[in-house]
Amino acid sequence: MGIFNRKKAAPAARPVPRHVAIVLDGNGRWAQKRGLPRTAGHAAGSENFRRIATYCRDIGMDYLTVYAFSTENWKRSAEEVSAIMGLLKKYLLEALEKMERDHIRLQFFGDLHRLPQELQDLAARTWETSQRYTGFQANICLNYGGRDEIVRAARAFAARCAAGEARPEELTEAGFSDLLYSRGIPDPDLIIRPSGELRLSNFLLWQAAYSEFYFTDVLWPDFTPRDLERAIADFNGRSRRFGGV
Ligand code: FPP
C-alpha cells in the first residue's frame, strides 16, 4: 500500500496520508483574544481534537498523533495543569463510552506515571478497550518528550545488553524504533503545527526523520477540517524522496 491509504476516496479523490501528527498549539492565545481564561482555550482545543479526529477517521486516515501535554508543560500554573488533566479525563470517559459507536481507538505516548492515578487508570482502560477494535487510531502524547522517549529506549537496550540478552552491534534502526512508544506504527507522513510557531518542540524527534512539515497561523481551536484539507493538499504537491533522487 506504500505510504498512502487508499481505502476511502471520500470526501475528495486524493491520497490521504496514513499518519498525520499535530502539535495542539495556540489554545492560550485563542482564549486571550476573547478575553477568556487560558483554560477556556484548552476546553475549545479539546473539543476541536474530537472534531478533527472524527474527520481523520472519516477520510480514511490510519493514525492521528497529537501533542497534548509535554514533559515541559508541568512548568505551567497548577491551575492550568489541573484544568488540562480534567479535560483529558472528561474526554477519555466520553471516548470510552462511545468507542463502540465511534471506532476511534486511542493509544498514549509518554510516561504516564506522573499523571494523576485516576487518569492513568482511565488511559489503561481506554487502551485496553481500543484493542477490541480495528481501524483508525488516535495517539495522544501525554507527559511526552521526544528526547525522553529516545533516552528511555537507549536505556532499555542498554539494560538488555547488561543482562546478556543482546549485543550492542545487533541494534538496528528498526530495532530501536521498536523500543519507542510508537512501536509498530508507521512514522508520520505529515506534521502540522498551527499557531504560527516554527519549531518541533521535542515532538516525535526520531519519527520525524522524513516527515513533511506544514505550518499555519491558525490557532488550534480554530483549525477546521478545511485547514486540514489544505495541509493535505500541500503535502500531496510535494515530492518525497527519502534521501533518493
Ligand atoms: C498548547 O497551547 C496546548 C496545550 C499545552 C494543552 C493541550 C491540551 C488540550 C487541548 C486538552 C485536552 C486534549 C485532548 C487531546 C482531549 P498553549 O497553551 O501553549 O497556547 P499558547 O501558545 O497560545 O499559549
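Hydrogens, waters and symmetry mates play no part in the numbers below; they use all other heavy atoms, side chains included. Each ligand, and each atom within it, is numbered from 1 in the order the structure gives.
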Report task. List the steps, then state whether side chain to side chain donor-acceptor pair (under 3.5 Å) holds for S77 with R38. Result -> CA-CA 11 Å; S77 74; R38 295 178 56 79; over 6 Å; no
Query raised in the report: Given W206 and D187, is the side chain to side chain donor-acceptor pair (under 3.5 Å) satisfied, shown in steps?
Result: CA-CA 9 Å; W206 173 274; D187 289 341; 5.4 Å; no
Query - Audit row: D222, R34, salt bridge (charged side-chain N to carboxylate O under 4.0 Å, His left out) steps and yes/no - result: CA-CA 13 Å; D222 289 330; R34 288 162 178 77; 3.8 Å; yes
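Atoms of ligand 1 found under 4.0 Å from any heavy atom of A68, numbered from 1 in the order shown, are 4 (C), 5 (C), 6 (C), 7 (C), 8 (C). Residue D25 approaches ligand 1 through these ligand atoms, each under 4.0 Å from one of its heavy atoms: 1 (C), 2 (O), 17 (P), 19 (O), 20 (O), 22 (O). Interface of G28 with ligand 1, defined as ligand atoms under 4.0 Å from a residue heavy atom, comprises 17 (P), 18 (O), 20 (O), 21 (P), 23 (O), 24 (O).
Taking atom 3 (C) of ligand 1 as the reference point, the nearest protein heavy-atom neighbour is L24 O, 3.0 Å. Taking atom 5 (C) of ligand 1 as the reference point, the nearest protein heavy-atom neighbour is N73 OD1, 3.6 Å. Shortest contact from atom 14 (C) of ligand 1 to any protein heavy atom: L88 CD2, 3.8 Å. Among all non-hydrogen protein atoms, the one lying nearest atom 22 (O) of ligand 1 is R29 NH2, 2.9 Å.
Between R125 and D121 there is no salt bridge, since no side-chain nitrogen of the basic residue lies less than 4.0 Å from a carboxylate oxygen of the acidic one. A salt bridge is defined here as a Lys NZ or Arg NE, NH1 or NH2 lying under 4.0 Å from an Asp or Glu carboxylate O, and E197 with R29 meets this definition.
Going from atom CD1 of I140 over to atom CD of Q107 covers 10.5 Å, rounded to the nearest 0.5 Å.
Looking at N27 next to ligand 1, an N or O pair under 3.5 Å apart turns up. Polar contact with ligand 1: present for R38 (N/O pair, distance under 3.5 Å). For ligand 1, the polar-atom distance check finds no N/O of G45 at less than 3.5 Å from any of the ligand's N/O atoms. The shortest N or O to N or O distance between R76 and ligand 1 is under 3.5 Å. Checking only distances, Y91 never comes within under 3.5 Å of ligand 1, N or O to N or O. Remark: ligand 1 and W30 share no N or O pair separated by less than 3.5 Å (distance only, no angle test).
Using 4.0 Å as the threshold, G26 has a heavy atom nearer than that to some atom of ligand 1. Within the 4.0 Å heavy-atom cutoff, E197 does not count among the residues contacting ligand 1. At least one heavy atom of F49 sits closer than 4.0 Å to an atom of ligand 1.
Around the CD atom of E100, the shell of radius 6.0 Å holds no more than 12 heavy atoms that belong to other residues, nucleotides or ligands. No more than 12 heavy atoms of other residues, nucleotides or ligands lie within 6.0 Å of CD in E118, so this atom counts as exposed by the packing criterion.
Contacts between R50 and ligand 1 below 4.0 angstrom, taking non-hydrogen atoms only, are absent altogether.
N202 contributes a side-chain N or O that, together with a main-chain N or O of R147, makes up a donor-acceptor pair within less than 3.5 Å. Listed for the D189 side chain is a donor-acceptor partner under 3.5 Å among the backbone atoms of R18. Here the side chain of Y214 pairs no donor or acceptor atom with the backbone of L228 at under 3.5 angstrom.
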